[in-house]
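Worksheet: the structure to be examined is printed underneath.
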Amino acid sequence: QAIHDMAPNDSMALRLYEHWLQENSVPLTGLQFLVANGILDSKPPYKLGSLKDIWKEFSFYDLKADMTIADIGAGNGLISFILLESGLPLNLILTEVDEDLLKLLAYKIEQYTMSVESQGLRLEEGSQKNLGLREVKADVMIFREVYHHFQYPQQILQDIPNFLKEDGYVVLKEGTKD
């Protein structure tokens with residue numbers, strides 16, 4: 001609730017980030033990541049950038065420690081890496097079908113895990129007809145700006161119950177009119 005209350009006020013962005021990490025200062029690498037990805041402006045007071053609605057979105061996810069989150073069609077991994085920077089211990093599984101994005105994600109994960117001790121962070125290759133998860137039961141599946149890319153959406157939808165915990169839920173966010 002505290003995050004939601006602070007999110008609309010751009011001038012509170014830096015304090016919001018500190019609160020979210022439950023720390024008194026922002027790690028330089030975390031701040032650099034948020035600036036590089038357009039979450040925060042590059043100059044003090046580090047106002048929320050073009051993705052300022054991200055905090056409202058994350059509060060909707062209702063995340064809790066030790067949840068298993070599957071970022072389906074992770075793309076460049078932006079959402080997953082922001083979740084990693086949250087300080088909340090999460091098990092994150094990123095799936096992707098595009099070979100170039102898989103290489104990029106593998107590189108980013110390797111760089112990230114070298115600089116920070118990471119909890120469960122895994123990359124899986126998906127396919128056009130299934131989620132690409134192996135024997136994982138997720139608490140949350142995030143389909144963010146990916147559903148419109150599916151060539152076989154029915155097969156993907158039918159695969160969800162196989163990998164979602166009984167009390168788990170799906171977050172689907174699309175920005176297209178389709």
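Note that this is a predicted model, so its numbers are computed, not measured.
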### Task
Could I get the full list of salt bridge (Lys or Arg N to Asp or Glu O under 4.0 Å) partners for Lys103, not counting sequence neighbours?
none
### Query
Are Val170 and Ile79 connected in a single hydrophobic cluster, I mean Ile/Leu/Val/Met/Phe/Trp/Tyr linked by side-chain heavy atoms less than 4.5 Å apart?
no
### Task
Would you give the length of the straight line joining atom CG of Leu83 to atom CG of Leu121, rounded to the nearest 0.5 angstrom?
11.0 Å
### Query
Under 3.5 Å, side chain of Lys108 to main-chain N/O of Asn76, donor-acceptor pair present?
yes
### Query
What residues form a ring-ring contact (aromatic ring centres under 6.0 Å, His included) with Tyr147, not counting sequence neighbours?
Phe150
### Query
Which residue pairs pass the salt bridge (Lys or Arg N to Asp or Glu O under 4.0 Å) test with at least one member in residues 129-138, sequence neighbours excluded?
Glu124-Arg134
### From CG (Leu88) to NZ (Lys64), nearest 0.5 Å
10.0 Å
### Task
Can you sort out the partners of Ser80 under side chain to side chain donor-acceptor pair (under 3.5 Å), two or more places apart, ordered by chain and number?
Asp71
## Note on the structure
Here the gap from Leu92 atom CG to Phe81 atom CZ, rounded to the nearest 0.5 Å, amounts to 9.0 Å
### Task
Please report the C-alpha distance between Phe143 and Val171 in whole Å, then the side-chain angles of each, then the deciding distance to 0.1 Å, and finally whether the side-chain contact (heavy atoms from CB on, under 4.5 Å) criterion is met.
CA-CA 6 Å; Phe143 294 82; Val171 175; over 6 Å; no
### Nearest atoms (heavy-atom pairs only) where Leu105 meets Ala74
CD1-CB, 4.1 Å
### Query
For Asp66, what residues pass the side chain to side chain contact (heavy atoms under 4.5 Å, CB included) criterion, not counting sequence neighbours?
Pro89
### Summary
Taken in chain and number order and not counting sequence neighbours, the residues that satisfy side chain to side chain contact (heavy atoms under 4.5 Å, CB included) with Gln128 are Val97, Gln151, Tyr152
### Smallest separation among heavy atoms of Leu133 and Met141, with atom names
CD1-CE, 3.9 Å
## Note on the structure
Excluding Tyr107, membership of its hydrophobic cluster (Ile, Leu, Val, Met, Phe, Trp, Tyr; side-chain heavy atoms within less than 4.5 Å) reads none
#### Entry: Asp139 CG to Leu164 CG distance, which is reported to the nearest 0.5 Å
8.0 Å
### Task
Going by the side chain to side chain contact (heavy atoms under 4.5 Å, CB included) test, name the single residue among Ile69, Ile72, Leu123 that passes it with Leu94.
Leu123
### Main-chain N/O of Gly132 paired with Thr95 side-chain donor or acceptor, under 3.5 Å
no
### Query
Does the Glu174 side chain pair with the main chain of Val146, one donor and one acceptor, at a distance under 3.5 Å?
yes
### Query
Are any of the side-chain heavy atoms of Leu102 and Glu125 separated by less than 4.5 Å?
yes
### Task
For Asp159, enumerate each residue passing the side chain to side chain contact (heavy atoms under 4.5 Å, CB included) test, keeping only those at least two apart in sequence or located in another chain.
Asn130, Leu131, Asn162, Phe163
### Task
Please list, chain by chain and in numerical order, all residues satisfying side chain to side chain contact (heavy atoms under 4.5 Å, CB included) with Asp98, sequence neighbours excluded.
Glu96, Asp100, Leu101
